Amino acid sequence: MHELNRLGMLVDLSHVSEATMRDALAVSKAPVIFSHSSARGIDGHTRNVSDDILKRVAANGGVVMVNFAEPYISEAYRLWAAEAAAEKTRLNAPPYGGLFVGEPDRAAAAYADWLKAHPTPRVTLTQVADHIDYIAKVAGVDHVGLGSDFDGVGNQLPDGLSSVATYPALLAELLRRGWSEVDVAKLAGGNVLRVMDQVERVARDMAKEPFFTPPVAR
């Protein structure tokens, strides 16, 4: 982490364990980001950020950028998706076996019947706004951003948030909830720009320090 800070690297913790989040936040001299994670207080996905970590991010000066992917936004969808994957495996999971192993047509028909009996939970733009509101309340409005993950989630996107062209609708929802235009501007990019500036400032300050040499194990 010391070397990343010295080089001016933007540290992204979206793909790490909670233990790693804690370790990184404990030692980083510069703010960190979560480029595409949401609030675990609403949705228990392990890639989402717990309240404790949100508070540590605020102390660090970092930003959590909300992911729009349905499993990260809706607890009902996350649990449904896990059940759907388990059912698909139960019906046909070659080469390890399954109810209809070697019979893909029967497996597909049985899975279609399961889907009819277990409809996909609806996920919406307002639920994404709920995550933004939640992070702003726990960590502060200076520590939340937008990290849609449009390039990585396929079609697992909430109703009303299919592309960057739908951002105005999300920002309008927040304004409707009482957000100020100043705070919406922070969310839409200002917070991340501040972090980038601070990361560069830390790197300039650390350039004046002696080069770090890790201790040699004996």
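The first residue in the sequence is number 1, and the count goes up from there. Keep in mind the model is a prediction, meaning the values are calculated, not measured.
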Taking a hydrophobic cluster as the set of Ile, Leu, Val, Met, Phe, Trp and Tyr residues connected by side-chain heavy atoms closer than 4.5 Å, whether directly or through intermediates, do I42 and V57 fall within one such cluster? yes
Give a yes or no answer on whether the side chain of R177 reaches the backbone of D133 with a donor-acceptor pair at less than 3.5 Å. no
Backbone N or O of L25 within a donor-acceptor pair of the S28 side chain at under 3.5 Å? no
Least distance between heavy atoms, S14 atom then D12 atom: N-OD1, 3.0 Å
List the steps and the verdict of side chain to side chain contact (heavy atoms under 4.5 Å, CB included) for V199 and M196. CA-CA 5 Å; V199 167; M196 294 171 71; 5.7 Å; no
Donor-acceptor under 3.5 Å (H45 side chain, P71 main chain): no
If you define the side chain from C-beta out and look only at heavy atoms, does anything of H36 sit under 4.5 Å from Y72? no
Locate the shortest heavy-atom distance separating S162 from L157; write the atom from each residue and the value. O-CD1, 3.9 Å
Hydrophobic clusters here meaning ILVMFWY residues chained together by side-chain heavy-atom distances under 4.5 Å, can you tell me if W80 and V128 are in one? yes
K137 side chain near L54 side chain, heavy-atom distance below 4.5 Å: no
Closest approach of A76 to P121 (non-hydrogen atoms, all atoms of both residues): O-CG, 3.7 Å
Less than 4.0 Å between a side-chain N and a carboxylate O, is that true for D205 and R201? no
Heavy atoms, side chains only, cut-off 4.5 Å: are E181 and L175 in contact? yes
Checking N48 side chain against S38 main chain: does a donor-acceptor pair fall under 3.5 Å? yes
Specify the closest pair of heavy atoms between N60 and P31, including all atoms of both residues, with the distance to one decimal. OD1-CA, 3.1 Å
Taking atom CZ of F34 and atom CE of M21, what is their separation to the nearest 0.5 Å? 4.5 Å
Do the side chain of N191 and the main chain of V63 share a donor and acceptor less than 3.5 angstrom apart? no
I'd like to know if the side chain of E75 reaches the main chain of G44, judged simply by a donor and an acceptor atom lying under 3.5 Å from each other, with no hydrogens or angles considered. yes
Approximate separation, where rounding is to 0.5 Å, of E70 CD and Y77 OH: 4.5 Å
Donor-acceptor under 3.5 Å (S148 side chain, F68 main chain): no
Closest heavy-atom pair and its distance - Y111, E87: CD1-CG, 4.3 Å
Step by step, would you call V123 with Q156 a side chain to side chain contact (heavy atoms under 4.5 Å, CB included)? CA-CA 9 Å; V123 186; Q156 288 186 318; over 6 Å; no
Pair K186-D142, side chain to side chain contact (heavy atoms under 4.5 Å, CB included): steps then yes or no: CA-CA 7 Å; K186 291 179 181 180; D142 291 329; 2.8 Å; yes
Answer yes if I53 and V11 sit in the same cluster of Ile, Leu, Val, Met, Phe, Trp and Tyr residues linked by side chain heavy atoms under 4.5 Å apart, and no otherwise. yes
Quick one: pull up CG in L10 and CD in Q198 and give me the separation to the nearest 0.5 Å. 11.0 Å
Kindly indicate whether the side chain of L170, heavy atoms from C-beta on, has any atom under 4.5 Å from the side chain of L146. yes
R194 side chain to G61 backbone, donor-acceptor under 3.5 Å: yes
Could you check if a side-chain atom of V195 sits within less than 4.5 angstrom of a side-chain atom of L193, using non-hydrogen atoms only? no
Please evaluate residues D52 and R22 with respect to the criterion side chain to side chain contact (heavy atoms under 4.5 Å, CB included), reporting the C-alpha separation (whole Å), side-chain torsions for both, the decisive distance (0.1 Å), and the verdict. CA-CA 9 Å; D52 177 64; R22 293 176 191 276; 2.5 Å; yes
Same apolar cluster: V32 and L187, side chain cutoff 4.5 Å: yes
Minimum heavy-atom separation for V49 to S37, with atom names? CG2-CB, 3.8 Å
Given side chains that start at C-beta, do those of Q127 and R122 come closer than 4.5 Å, heavy atoms only? no
Separation between CD1 (I132) and OG1 (T126), nearest 0.5 Å, reads 11.0 Å
I'd like to check W179 versus V141 (side-chain heavy atoms, cut-off strictly below 4.5 Å). Are they in contact? yes
Drop me the distance from K29's NZ to M206's CE, to the nearest 0.5 angstrom. 4.0 Å
CD (E173) and CZ (R176) are apart, to the nearest 0.5 Å, by 4.0 Å
V192, L171: one ILVMFWY side-chain cluster at the under-4.5 Å cut-off? no
With a 3.5 Å distance limit and no angle check, can you tell me whether D159 reaches the backbone of T124 through a side-chain donor-acceptor pair? no
Distance-only, no hydrogens or angles: does the N5 side chain make a donor-acceptor pair with backbone N or O of V202 under 3.5 Å? no
Presence of salt bridge, D51 and K55, under 4.0 angstrom: no
Is there a side-chain contact between D23 and M1 in this structure, where contact means two heavy atoms from C-beta onward sitting under 4.5 Å apart? no
